[in-house]
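Before any comments, here is the structure.
Below, chains carry the letters A, B, ... as their sequence lines are ordered, and counting in each starts from 1. These values consider heavy atoms only, across backbone and side chains, with no hydrogens, waters or symmetry-generated copies.
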2 protein chains.
Amino acid sequence: MADSKPSADDSNPSAAQQRRLQMADIARLAGVSTSTVSRALAGSKLVSEETRVRIMELARSLKYTINIGAQNLRMKQNRTIGVVIPYDHNTRQHLSDPFFLGMLGSLADALTELGFDMLVSRVDADELDAAAAPFDTGRVIGIVLIGQWRHHDQLNQLAARHVPIVVWGAQLPQQLYCTVGGDNVTGGELAVDHLLAEGRRRIAFFGDINLPEVGLRYAGYCRALQRAGVGIDPELLVPVSFLPSGGQQAVEELLRRGVAFDAIFAGSDLLAMMSINAMREHGLYVPGQVAVVGYDDIELSSYFHPPLTTIRQPIREAGRALVTSLLELIEGREAPSQQLPTTLVVRSSSRTV
Amino acid sequence: MADSKPSADDSNPSAAQQRRLQMADIARLAGVSTSTVSRALAGSKLVSEETRVRIMELARSLKYTINIGAQNLRMKQNRTIGVVIPYDHNTRQHLSDPFFLGMLGSLADALTELGFDMLVSRVDADELDAAAAPFDTGRVIGIVLIGQWRHHDQLNQLAARHVPIVVWGAQLPQQLYCTVGGDNVTGGELAVDHLLAEGRRRIAFFGDINLPEVGLRYAGYCRALQRAGVGIDPELLVPVSFLPSGGQQAVEELLRRGVAFDAIFAGSDLLAMMSINAMREHGLYVPGQVAVVGYDDIELSSYFHPPLTTIRQPIREAGRALVTSLLELIEGREAPSQQLPTTLVVRSSSRTV
DNA sequence: TTGAAAGCGCTAACAC
DNA sequence: GTGTTAGCGCTTTCAA
């Protein structure tokens, strides 16, 4: 049934779609060869002004567009970038993290601006090999991966296979792949310096420090405390799951432990917000009794009550940086990992007044 | 330079990428023809068990994957869906609306589940024709468009051209395209019924009722008021821009007008949150003096303070519904527009207590 | 059971 | 300037 004459597919009565126009049709209608049409549409100088205009006119009036698949195949080119967001197999977690979604938006904007298409896929984080599938099958010429998690080794393997890939995340030792990420250590320092300046001394840290980025933020936390001559109390480190109830659990664990604290530095804005809510339920006031600093500066942080002090990750710049690094890689050039500056955004949640 | 022998591209010294493996290579290595490889990889019964296993083994060990572009061209198939999010040319607005981003995530999940790829593109809302580009060029077999805005006519034109397209939005008269949307009228009614039940009578409406969805929500607002025998005061209708300052402006306009109000029904959660903040600055307390109901039930609404009462739009179901309707359309079947149920989620921002 | 050959829709030598 | 021809990487008749 394939390889039949190029007749309309009338074997399928329901699909009343007229056969798609192709270059040969335009050529026939214009009384020229397909080569001429191809050249005309490409704006080649090899075809006379007159014919070119005529053909373009014709194509436009018939709403003919070149079949990109065929063109790509022939030209061995492609202007599609893959964006992969791993998901956790166990929690079957949906794509709802506001920071990741924001990054997706930022990448969409950056790619659109440069005339690239964006192919989004989700893969099981435990099968990160699959992240390269759109590249292996030739659908995309490179991949941006959002969500480094704990998959350093698998990412290294991809890079070793020469898959052009750029990862949003932390720069780690023995890293073969290119990362773009925020300056997490400085981010941690900024947060803690600020809290110290506000007179806080018992600063809890909420986050899973096994995740590279969070680990670095904790390192910044420690460094700032040490520099200020404030001891680091391991009791103040509270590991937090990424579940919606994480913030509540963390606050309750802290209370259960009976450790005194007058501030929280949370690994994400979402976590900070959940924590503030949990504390409110327990009669703890922010910032009066506990000052809170979040991380990311997602859009809603400024609308929160109290408006959230946070470490801003430059998400628009991040999108652009990820894309430009990837394009370097694709061109066969070096793309050094880079850290984007993080900044402290002071709002009410941490102000002692 | 093209059409050269299939030798490695060593004219480009920087790109050390070994030539991509292709079927012919596997065939040669296995000592069979490409036809056999093709059949083996497709799991055809026409090839002997033994050869098939041998070839699959070989392909896997060499990490060979079929070039999908070529396969699609030959088979005239394609498993990619386009998701288009128009942007406002004037404001050059970035993709950051939490509800749209959430929808993007939901679509990604739904498509992944069904084994489709998602090609995301942004187009100028004033050139909605461009939304069909990925379809016209054969990149995708259908399009989901998020953001109906005021572009009813342009969308109708696309549908008239037989572009398989499904739009998230309101169902309008003389509509040629398929929409999936929340039940906006009921949403408006639910919100207002609830506020009335809480004893509020002077309910302001924040939103641009020229947008179809918002207009319907306002219609629901009016219907609920009338049913309760409460008059509709046009002074209470406040048009709001989609700028970040929209909430603030709306609140201030209401105060400037000097109209009394004891409740606000906002066209989106974001708007509700901004309004609550603006009121706080003006010494108005929520829900004490003013009860507030939002719309969408974005993830952060429950973390807001006070937790936001809102009309929930079922975003996960929406993603699935959009996709299944589109697939119907692609199969040449009818896809009636549908409304998904909206529900009232009562939280603190509207409770009189 | 396998291979040779044609062709999906396009582009680019190469000839005229 | 324009047409002829070959071929991008794959699938599928058709013949053996």
Do [X] and [Y] come close enough that some side-chain heavy atom pair is under 4.5 Å?
X	Y	answer
B:W168	B:V144	no
B:I146	B:L107	yes
B:L326	B:P164	yes
A:L128	A:P86	yes

Value in whole Å for how far the [atom2] atom of [N] lies from [atom1] of [X]:
X	N	atom1	atom2	value
A:K76	C:dA12	NZ	P	13 Å
B:I68	C:dC8	CD1	C1'	16 Å
B:L73	D:dG9	CG	P	12 Å
A:Q22	C:dC8	CD	P	7 Å
B:R74	D:dT12	CZ	C1'	5 Å
A:N72	C:dC8	CG	C1'	14 Å
B:N67	D:dC10	CG	P	5 Å
A:M23	C:dC8	CE	P	15 Å

_Roughly what angle, to 10°, lies between the helix axis at the start of the helix from C:dT1-D:dA16 to C:dC16-D:dG1 and the one at its end, five pairs per end?_
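Terminal axis comparison yields 40°.
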*Cation-aromatic face contact B:R122/B:F100, 6.0 Å, 45 degrees*: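 Ring-cation test returns no.
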_Set out, in order, the CA-CA distance, both residues' side-chain angles and the distance that settles side chain to side chain donor-acceptor pair (under 3.5 Å) for A:Q175 and A:T179, then state yes or no._
CA-CA 9 Å; A:Q175 175 174 293; A:T179 50; 3.1 Å; yes
_Before you tell me yes or no, could you show the steps for B:E57 and B:R54 under salt bridge (charged side-chain N to carboxylate O under 4.0 Å, His left out), namely the whole-Å CA-CA distance, both residues' side-chain angles and the distance that decides it to 0.1 Å?_
CA-CA 5 Å; B:E57 206 70 357; B:R54 190 161 50 87; over 6 Å; no
*Ignoring backbone atoms, test whether B:Y64 places a side-chain nitrogen or oxygen under 4.0 Å from the OP1 or OP2 oxygen of D:dG9.*
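No, outside the criterion.
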_It should be established whether A:Q71 places a side-chain nitrogen or oxygen under 4.0 Å from OP1 or OP2 of nucleotide C:dT11._
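Yes, such a contact exists.
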*Check the pair A:T51, A:S48 against side chain to side chain donor-acceptor pair (under 3.5 Å), reporting the backbone distance first and the verdict last.*
CA-CA 5 Å; A:T51 1; A:S48 79; 2.3 Å; yes
*asked:* Please give me every residue in residues 31-54 of chain B whose heavy atoms get under 4.0 Å of an atom in DNA chain D, ordered by residue number.
replied: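 Going residue by residue through residues 31-54 of chain B, the ones with a heavy atom under 4.0 Å of DNA chain D turn out to be B:S35, B:S38, B:R39.
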*Do we see a donor-acceptor contact under 3.5 Å between the side chains of A:Q148 and A:Y177?*
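The criterion, which ignores hydrogens and geometry beyond distance, is satisfied for A:Y177 and A:Q148.
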